[in-house]
Amino acid sequence: TGGVSLLGTQPGNAAVGADYDVVIVGAGMAGMTAARLLSRAGPGLKVLVLEARDRVGGRLLTLHDKDLLPSHGVEIGAQVIHGSRAPTWELIKRYDIPTRPRAAGGESHFRFLDGSQPDWDRLEALHSEASEVLASEIGPDVSYQAFIESIIADPQEREMMYTEALSWSAEPDRISARAVIKDGALWNDWHDEDFQVIGGYSAMAEKMAAEIEGRIQLESQVTDIFYRRGLAGIRYKYGGIATALTCRQLIITVPLGVLQGGGVKIEPAVPAAHQRAIDSLEMGQAVVVPMIFSEPFWGAETAPGSWSDYADRISFNFHHAPKAGGNAVLGWFAGAAAQELSALGPEAGLGRVLQWLEEASGQRGIASKLQWHHFKDWVTDPYTMGSYSITRPGGHGQRQVLMKPVEGTLYFAGEATAPPPHYQTVHGAYLSGIRAADQVASTLKAGAKPAAS
């Protein structure tokens, strides 16, 4: 009923009288990429981006405080540019954004919380064994944990292998074995090194927003979407006030967790194939706790480097050498550790983080040296409901379905819709925005195809 009244009863006339040609839900990397390209795709094309937050960037988020934080800021969302071939280098060059290799601070050191070193040779041998066994598998796509348990008997070696699942921010029983091993192999073949954005990753989002100024409406939380071929209606709260508009084409870029949690209701329901694809994925868990201390309490051999528990649920990273970056520690917590911190909340959660850090460093009383911290819980963030998408057991290969339009009117974009090995990344979201813009421009016959730069 609500959909009918919003869309009208005469499809042809309603489509001609739509408020906008294209509306994009979400001003993260995917949404702003699509808006930027479509704004140039044809003369007079009316494009609007609706963003629930009071800022752009989505899971790109850099904190700045000239009195407390290093000049480059602190990342509490996406951390780095993954790879020298990441498509987002097009934006880095266009906006003249400075970067540096993550390894620029010196040789990286890695150790477990108990002080031991990884057995890299044994781990590589186990990975090779797992890949060979999986290549011959013709049965169902099981969980990574079930697969590892079926081929490795030693509990400690199983824990070593579970690190692979936790690197995706997923407990090993929640993620597809084929995704971890097959998509992981694609990632290893594609990825070379990581780069930090000097001045903060948010700078990229802000420069994109400036390029499409006037087309982004913040504090606009979409609640309901109604559609039929050639026309979509959107209900949303603008500054808390309920309002609505219509468009000819609609791009939905909200994170998977919001779609699955019912934060945005879509009527009629999307086709069964699309719903299966959505259900085949879920959001990983991550809590990020950056900390600044008055003085380093860790050895010089640790920075740059990291401490981690065996399966990578708890990780403390030292991205900056003491002479170059101050006394910063980034706590990154995944899977069950993230869920534990999320349940505890910011105050008690910080206490648990400091307890883990004391265990790792062998030092006591480090809370007295803590000058600044931030507790970012992505698990319960209402606009993400998780960190980034993972593939559930049985769901391998389903992401491609989300790349297909619905009734030539609805389009899904965002990192969850990127192909392997690019999902979970900023550049994967960027690629999905280009793809969605291309599809929309083709449907609208808006003229020249959108270009990537």
Taking Glu164 for the side chain and Ile181 for the main chain, is one N or O donor matched with an acceptor at less than 3.5 Å?
-> no
Pairs where residues 327-366 contributes a residue and the test ring-ring contact (aromatic ring centres under 6.0 Å, His included) is met, not counting sequence neighbours | Phe316-Phe333, Phe333-Trp356
Under 3.5 Å, side chain of Arg36 to main-chain N/O of Ile212, donor-acceptor pair present?
-> no
Do any N or O atoms from the side chain of Glu358 and from the backbone of Val353 form a donor-acceptor pair under 3.5 angstrom?
-> no
Partners of Thr384 by side-chain contact (heavy atoms from CB on, under 4.5 Å), sequence neighbours excluded?
-> Arg53, Arg59, Pro255, Trp378, Asp381
Can you name the salt bridge (charged side-chain N to carboxylate O under 4.0 Å, His left out) partners of Arg174, sequence neighbours left out?
-> Glu282
All side chain to side chain donor-acceptor pair (under 3.5 Å) counterparts of Ser220, not counting sequence neighbours | Gln217
Would you confirm whether Ser176, through its side chain, and Gly395, through its main-chain N or O, come within 3.5 Å as a donor-acceptor pair?
-> no
The side-chain contact (heavy atoms from CB on, under 4.5 Å) partners of Asp377 (sequence neighbours excluded) come to Val287, Ser342, Phe375, Val379, Thr380
Hey, does the side chain of Gln221 reach the backbone of Glu51 with a donor-acceptor pair shorter than 3.5 angstrom?
-> no
Partner residues of Lys369 under the side chain to side chain donor-acceptor pair (under 3.5 Å) criterion, sequence neighbours left out | Glu295
Residues in side-chain contact (heavy atoms from CB on, under 4.5 Å) with His274, at least two apart?
-> Val270, Pro271, Val401, Leu402, Lys404, Val406, Phe412
Glu211/Arg94 salt bridge by N-O under 4.0 Å criterion = yes
Angle class for the Trp187/His82 ring planes (parallel below 30°, perpendicular above 60°, tilted otherwise)?
-> perpendicular
Which residues pass the side-chain contact (heavy atoms from CB on, under 4.5 Å) test with Glu159, sequence neighbours left out?
-> Tyr162, Tyr310, Ala311, Arg313
Is a donor on one side and an acceptor on the other found under 3.5 Å between the side chain of Thr62 and the backbone of Ser202?
-> yes
Could I get the full list of side chain to side chain donor-acceptor pair (under 3.5 Å) partners for Gln439, not counting sequence neighbours?
-> Arg435
Qualifying residues under side chain to side chain donor-acceptor pair (under 3.5 Å), relative to Thr223, sequence neighbours excluded | none
So the ring-ring contact (aromatic ring centres under 6.0 Å, His included) pairs with at least one residue in residues 122-161 (sequence neighbours excluded) are none
Could you tell me whether the side chain of Asp54 and the main chain of Glu219 form a donor-acceptor pair under 3.5 Å?
-> no
Taking only residues two or more places apart in sequence or in another chain, which ones pass salt bridge (charged side-chain N to carboxylate O under 4.0 Å, His left out) with Arg276?
-> none
Checking Gln424 side chain against Ser389 main chain: does a donor-acceptor pair fall under 3.5 Å?
-> yes
